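Beneath this line is the structure, given in structure tokens, with notes to follow.
The basis for the numbers below is simple: all heavy atoms, side chains too, and nothing from hydrogens, waters or symmetry mates. In this text the structure is predicted, and so the values were computed from the model without any measurement. To find a chain, count down the sequence lines: A is the first, B the second, and so on, and within it residues start at 1.
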Number of protein chains: 2
Amino acid sequence: MIDHYGDRPVYKQLADILRDQIYSGAVPPGKQLPSDLYLSQMHRLGRGTVRRAVEVLQNEGLVTRDKGQRATVREQSPRDVVLLEPGDEVSGRMPNDAERRSLGLPVGEPILEVRRRGGYVDVFPGAATTLRVPSAED
Amino acid sequence: MIDHYGDRPVYKQLADILRDQIYSGAVPPGKQLPSDLYLSQMHRLGRGTVRRAVEVLQNEGLVTRDKGQRATVREQSPRDVVLLEPGDEVSGRMPNDAERRSLGLPVGEPILEVRRRGGYVDVFPGAATTLRVPSAED
DNA sequence: CTTGATTTGTACGTATGTATT
DNA sequence: AAATACATACGTACAAATCAA
């Protein structure tokens with residue numbers, strides 16, 4: 001239940017509820033969350049508050065949102081495997097808006113940045129890429 | 001200038017302006033952005049629209065926000081170096097709210113997830129960690 | 001140290017436009 | 001064509017943290 005008098009903001013409480021439903025499988029990948037209107041009536045909240053809650057999940061990479069469609073639970077992306085080389089250095093960061101568009105990334109997906117020995121840098125979508133350190137078998 | 005009649009939403013236009021000021025060094029790391037009130041008057045926008053713009057930059061990891069303080073441009077974190085091993089696999093994702101708190105991560109910082117050969121998983125803050133593939137010198 | 005001003009955070013409501021069903 | 005649903009943008013109000021005198 002939503003507690004309007006507690007310390008935790010209402011929109012985070014709703015985000016917690018919806019996140020639990022996703023983690024538990026009650027709303028599995030590919031399925032949609034209820035509409036803004038339904039959630040706002042169900043929990044007696046303003047629509048803006050509901051939207052903030054869903055936005056939290058979007059920024060966590062759990063759901064995608066498209067205009068006119070209800071928020072959809074993200075499926076696990078098929079991962080490209082990229083082999084790393086000795087001396088490579090990996091870090092993570094969020095893309096800016098232009099990068100996200102040019103790489104076709106959904107909101108909530110980070111970038112893996114690989115700095116190669118030569119000095120140049122490769123970027124990969126964080127949730128759709130596995131960077132692998134070669135072992136004897138490779 | 002903000003174009004109220006263009007296709008690009010106003011809050012993204014303002015985010016673009018502020019992002020440029022950060023990238024260009026006009027507002028360097030450690031310095032603060034102008035207040036909501038200043039920006040809303042300067043650009044003739046509602047405060048909510050300004051806050052959405054700054055939120056964009058927060059989710060990109062460019063600024064941190066704390067109640068009562070203006071948004072601050074993030075400094076480059078000192079990076080811990082972690083050595084990878086043969087067979088390790090690296091991917092990236094966003095933390096959920098609980099993870100972010102327990103790891104002490106700012107909003108907009110992704111997690112680097114390292115799956116080790118043995119099967120267990122280590123997580124590191126994406127912007128404060130360099131994962132290094134050992135080379136001959138190491 | 002205390003007070004008052006500034007500033008952010010949350011939550012509500014309303015309205016309009018646009019995409020999907 | 002109509003109903004549903006999301007996206008944007010405005011406004012108001014109050015609480016809480018910070019800052020400055």
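One atom, CD1 of I2(A), and another, P of dT10(C), lie 14 Å apart when rounded to the nearest Å. Note: CD (Q13(A)) to P (dG9(C)) measures 18 Å, nearest angstrom. In this structure, R70(B) atom CZ and dA5(C) atom C1' are separated by 13 Å, rounded to whole Å. Atom CD in Q32(A) sits about 10 Å away from atom C1' in dT20(C), given to the nearest Å.
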Side-chain polar contacts of residues 53-63 of chain B - donor-acceptor pairs under 3.5 angstrom, sequence neighbours left out - could you list them?
{"unit_1": "Q58(B)", "atom_1": "OE1", "unit_2": "R65(B)", "atom_2": "NE", "d": "3.3"}
{"unit_1": "N59(B)", "atom_1": "ND2", "unit_2": "E55(B)", "atom_2": "O", "d": "3.3"}
{"unit_1": "E60(B)", "atom_1": "OE1", "unit_2": "R19(B)", "atom_2": "NE", "d": "2.8"}
{"unit_1": "E60(B)", "atom_1": "OE2", "unit_2": "D97(A)", "atom_2": "N", "d": "3.2"}
{"unit_1": "E60(B)", "atom_1": "OE2", "unit_2": "R19(B)", "atom_2": "NH2", "d": "2.9"}

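Side chains of L131(A) and L83(A) form no contact here, defined as non-hydrogen atoms less than 4.5 Å apart.
The environment of OH in Y23(A) is crowded: more than 12 heavy-atom neighbours from other residues, nucleotides or ligands sit within 6.0 Å.
For residues 39-67 of chain A, proximity to DNA chain D is found at R47(A), R51(A), R65(A), D66(A), K67(A), defined as any non-hydrogen atom under 4.0 angstrom from a strand atom.
Applying salt bridge (charged side-chain N to carboxylate O under 4.0 Å, His left out) to E109(B) and the options R100(B), R93(B), R74(B) leaves one that passes, R74(B). When each of I111(A), V82(A), V81(A) is tested with T129(A) by the rule side chain to side chain contact (heavy atoms under 4.5 Å, CB included), just one qualifies, namely V82(A).
Listed here is the closest heavy atom pair of G92(B) and P110(A): C-CG, 3.7 Å. Nearest heavy atoms, L105(B) versus P125(B): CD2-CB, 3.3 Å.
Place G68(A) and V10(A) on DNA chain C by their nearest nucleotides, and V10(A) ends up nearer the 5' end.
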### Message
With side chain to side chain donor-acceptor pair (under 3.5 Å) as the criterion, how do R115(A) and S91(A) come out once you've worked through the C-alpha distance, each side chain's angles and the decisive distance to 0.1 Å?
### Response
CA-CA 8 Å; R115(A) 288 176 295 287; S91(A) 61; 3.1 Å; yes
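Taking a pair to require two hydrogen-bonding distances under 3.5 Å in either a Watson-Crick or a G-U wobble arrangement, dA1(D) remains unpaired.
For DNA chain D, the outermost nucleotides in 5' to 3' order that have an atom under 4.0 Å from a heavy atom of chain A are dA5(D) to dT8(D).
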